[in-house]
Amino acid sequence: MSDVYELGIFVDLRDEVSEQELDELRWHLGIGPQPERLSIVTGFPFVAEEESGGLVVEDDPCPLLAGRGAARRVGGVLCSALADRAHLPRKGWALTSRQEIHPDEFDQTANCSAGSLRGRTTPTRWWKAPFRSAT
């Protein structure tokens with residue numbers, strides 16, 4: 001089995017999502033700058049090697065759903081979008097993302113896609129499927 005999965009997220013967010021949360025979502029989707037304060041996903045730990053050879057855990061925030069262009073492993077196109085539903089009967093925001101994801105990223109990505117927004121979405125359709133090479 002491969003260590004790359006296809007992740008698809010298709011969700012409508014209710015209009016009660018704050019402007020601060022929308023700014024952070026835009027950053028995670030690769031369509032906006034990094035906000036000063038992160039509240040949806042607050043930690044981005046990774047292990048780095050010090051000059052002395054020891055290991056240290058550092059925090060390095062990075063967008064989680066910002067892949068764009070041709071997918072390297074799963075085929076098709078990686079993309080993310082956030083659209084205002086103000087002109088529709090059910091107000092709020094429509095969010096769509098299709099990404100390649102490694103199992104090490106599952107927890108952080110789940111926090112971004114469900115975390116603090118849980119309970120403020122309409123029924124969500126998403127998938128996570130392993131990539132299988134044809135060879």
Side-chain angles (χ1 to χ4, degrees):
M1 184 186 303
S2 175
D3 63 351
V4 174
Y5 288 75
E6 177 184 19
L7 173 70
I9 302 170
F10 310 92
V11 62
D12 289 338
L13 303 169
R14 296 186 185 134
D15 61 357
E16 61 205 47
V17 176
S18 73
E19 198 59 42
Q20 178 183 335
E21 290 169 319
L22 288 171
D23 287 345
E24 185 172 347
L25 280 174
R26 287 183 186 103
W27 174 65
H28 279 296
L29 298 173
I31 56 176
Q34 180 179 344
E36 287 185 29
R37 184 175 162 274
L38 300 174
S39 61
I40 297 172
V41 180
T42 58
F44 297 81
F46 77 99
V47 177
E49 187 174 350
E50 295 179 313
E51 288 181 24
S52 64
L55 300 178
V56 62
V57 177
E58 297 181 358
D59 194 52
D60 185 25
C62 61
L64 298 173
L65 302 169
R68 293 273 187 280
R72 297 177 72 99
R73 301 282 303 273
V74 301
V77 175
L78 305 180
C79 58
S80 289
L82 183 66
D84 191 345
R85 296 181 52 86
H87 63 288
L88 299 172
R90 192 174 65 228
K91 308 297 183 221
W93 298 87
L95 184 152
T96 296
S97 185
R98 180 178 187 265
Q99 302 292 312
E100 291 177 320
I101 185 170
H102 187 275
D104 292 346
E105 301 168 321
F106 286 171
D107 289 342
Q108 281 185 319
T109 305
N111 285 341
C112 182
S113 59
S116 69
L117 302 175
R118 184 174 285 130
R120 292 185 282 163
T121 63
T122 59
T124 305
R125 184 169 64 101
W126 66 279
W127 75 84
K128 176 182 68 178
F131 170 73
R132 293 189 191 336
S133 177
T135 57

Output yes when a side-chain donor or acceptor of [X] lies under 3.5 Å from a complementary backbone atom of [Y], and no otherwise.
X	Y	answer
D59	F44	yes
H28	L64	yes
E105	H102	yes
E100	R72	yes
K91	A86	yes

Contact check, side chains of [X] and [Y], non-hydrogen atoms, under 4.5 Å:
X	Y	value
D3	R73	yes
L7	L65	yes
Q20	P35	no
P45	E58	no

Would you say [X] and [Y] are hydrophobically clustered, going by side-chain heavy atoms of ILVMFWY under 4.5 Å?
X	Y	value
I40	L29	yes
I9	I101	yes
L38	L82	yes
V41	V11	yes

For a quick test of reading the model, state the closest non-hydrogen atom pair linking [X] to [Y] and the distance between them.
X	Y	answer
W27	P33	CB-O, 3.4 Å
H87	D84	CE1-O, 3.6 Å
F46	D60	CE2-CB, 3.2 Å

Q) Atom CG in L13, atom CD in E21: separation rounded to 0.5 Å? A)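 Here the rounded value is 9.0 Å.
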(Q) Between the side chains of R98 and E6, is the shortest nitrogen-to-carboxylate-oxygen separation below 4.0 Å, so that they form an ion pair? (A)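 Yes, E6 and R98 are salt-bridged.
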Q) Do Q99 and S80 have side-chain atoms, one donor and one acceptor, less than 3.5 Å apart? A)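 Yes - a donor-acceptor pair under 3.5 Å links their side chains.
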Q: Tell me, with the steps shown, if R68 and L78 meet side-chain contact (heavy atoms from CB on, under 4.5 Å).
A: CA-CA 5 Å; R68 293 273 187 280; L78 305 180; 5.7 Å; no
Q) Could R26 and W93 be counted as a cation-pi pair, given that NZ or CZ must be under 6.0 Å from the ring centre and within 45° of the axis? A)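 Cation-pi check for R26 and W93: passes.
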